[in-house]
There are 2 protein chains.
Amino acid sequence: MNLTKTTSYSLNVLNYMAQNREVICSANYLHEKLKIPHQYLRQLLTKLSKDGFIHSTRGRNGGFVFSKKISEIFLADIIESTEGLDSFNKCMLGFSDCPFDSKCAMHDFWVDTRERIINELKTKSLEDLILKK
Amino acid sequence: MNLTKTTSYSLNVLNYMAQNREVICSANYLHEKLKIPHQYLRQLLTKLSKDGFIHSTRGRNGGFVFSKKISEIFLADIIESTEGLDSFNKCMLGFSDCPFDSKCAMHDFWVDTRERIINELKTKSLEDLILKK
DNA sequence: ATTAAATGCTACCTAAAGGTATCATATATG
DNA sequence: CATATATGATACCTTTAGGTAGCATTTAAT
Ligand code: SF4
Ligand code: SF4
């Protein structure tokens with residue numbers, strides 16, 4: 001019942017950037033602020049660039065800034081980019097072939113819960129996270 | 001947002017055994033029925049024995065049977081045994097140190113959802129799964 | 001121009017989850 | 001007793017997520 005470490009890193013980075021939009025964030029800067037392993041963070045930032053969340057500028061004073069409004073970046077998008085949302089769409093109990101003829105006692109509960117979670121992740125943007133600050 | 005493959009295997013095995021309590025299940029038998037890798041399954045069964053869910057008998061015609069009532073084995077117990085429930089008790093967004101002074105927009109939602117899930121897992125037993133069959 | 005500081009790329013390393021192989025031991029049955 | 005079929009234990013292999021290293025390229029400051 002958890003997101004991968006990589007997803008967590010991504011959320012952490014993008015959330016930090018959303019809260020500090022006045023600075024152009026270099027990998028090195030983010031590394032110092034967030035204590036994410038430097039080289040791994042760099043890979044991750046490149047990936048987030050490729051996936052269109054942020055834009056990079058190279059050379060001295062370079063770094064990363066958002067390439068679209070943070071109100072348009074939803075948590076589900078970030079998760080989708082790093083680990084996919086597929087795991088949210090499977091049987092809660094991990095069965096690939098459901099062993100029950102009709103349903104087990106968990107089924108309705110899980111379908112409902114899952115829907116609530118996915119809906120939440122699809123509607124909460126990086127901006128929403130901050131607003132309540 | 002998923003249980004480990006090993007947890008899924010465990011649930012699969014114990015659920016099958018709960019639905020077929022008339023047979024003494026050997027590792028080999030379960031392997032054929034559930035297509036779980038044979039040796040890995042054996043390790044897993046031994047673990048489930050040590051953790052008190054099932055009891056093993058060795059030798060010809062040996063195998064595994066429940067060592068307590070299936071109405072007393074809750075899904076949370078099984079998950080706890082294979083991967084622990086700790087991941088259910090963390091920030092949904094994977095932050096170890098919450099970066100928000102008060103809360104972010106997800107916090108209350110997640111605390112509530114998490115509680116519902118854990119409660120469900122702690123109250124649904126192997127017997128409950130079957131009853132609705 | 002030179003240098004410092006940044007990203008792009010890519011090959012490699014490590015740790016943990018998942019999976020295999022094998023020997024020792026137990027037991028029912030012919 | 002001999003054999004077939006179980007589990008116990010344990011060492012090892014494989015795959016994948018996570019992490020490191022280093023060279024090439026870009027750009028600003030001097
Ligand atoms: S009925 Fe139960 S086991 Fe089957 S798919 Fe739904 S939650 Fe999974
Ligand atoms: S407020 Fe948000 S980021 Fe902080 S612990 Fe709660 S869910 Fe996580």
Taking atom P of C/dT27 as reference, at what distance in whole Å does atom NE2 of B/His55 sit?
10 Å
Distance test, side-chain N/O of B/Thr46 to OP1/OP2 of D/dG8, below 4.0 Å
yes
With a 4.0 Å limit, can you tell me whether A/Ser26 has a side-chain N or O closer than that to the phosphate oxygens OP1/OP2 of C/dA5?
no
Could you tell me the separation between the CG atom of B/Leu44 and the P atom of D/dG8, rounded to a whole number of Å?
12 Å
With nearest nucleotides of DNA chain D determined for B/Gly63 and A/Thr7 from heavy-atom distances, which residue corresponds to the more 5′ nucleotide?
B/Gly63
Atom-to-atom span, OH of A/Tyr40 to C1' of D/dA17 - whole angstrom
6 Å
For the side chain of A/Asn20 and the backbone of A/Tyr16, is there at least one donor-acceptor N/O pair under 3.5 Å apart?
yes
Any donor-acceptor pair, under 3.5 Å, between the side chain of A/Arg42 and the base of C/dG8, if you only look at N and O atoms?
yes
d(B/Ile73 CD1, B/Ser125 OG) to nearest 0.5 Å is 8.5 Å
Tell me which nucleotide among D/dG19, D/dT20, C/dA21 gets nearest to the side chain of B/Gln43.
C/dA21
To the nearest angstrom, how far is B/Lys47 atom NZ from C/dA17 atom C1'?
14 Å
Starting at the 5' end of DNA chain C, which residue's closest nucleotide do you reach first, A/Asn61 or A/Lys50?
A/Asn61
How many Å lie between CD1 on A/Ile36 and C1' on D/dT20, as a whole number?
16 Å
Across the strands shown, which category fits B/Thr57 at heavy-atom distances under 4.0 angstrom: base, sugar-phosphate, nothing?
sugar-phosphate
Side-chain contact test, heavy atoms from C-beta onward, threshold under 4.5 Å: evaluate it for B/Lys103 versus B/Asp108 and give yes or no.
yes
Report yes or no: is there a donor-acceptor pair, N or O only, under 3.5 Å between the side chain of B/Arg60 and the base of C/dT27?
no
What nucleic acid atoms does A/Thr4 come within less than 4.0 Å of, heavy atoms only: base, sugar-phosphate, or nothing?
sugar-phosphate
Atom CG in A/Asn15, atom CZ in B/Phe95: separation rounded to 0.5 Å?
4.5 Å
With heavy atoms under 4.0 Å as the rule, sort A/Tyr9 into base, sugar-phosphate or nothing.
sugar-phosphate
Any donor-acceptor N/O pair under 3.5 Å between C/dT10 base and A/Gln39 side chain:
no
Within a reach of under 6.0 Å around NZ of A/Lys122, are more than 12 heavy atoms found that belong to other residues, nucleotides or ligands?
no
First encountered from the 5' end of DNA chain C, between A/Phe64 and B/Gly59
A/Phe64
Classify the side chain of B/Arg58 versus the base of C/dT25 as yes if they form a donor-acceptor pair under 3.5 Å and no if they do not.
yes
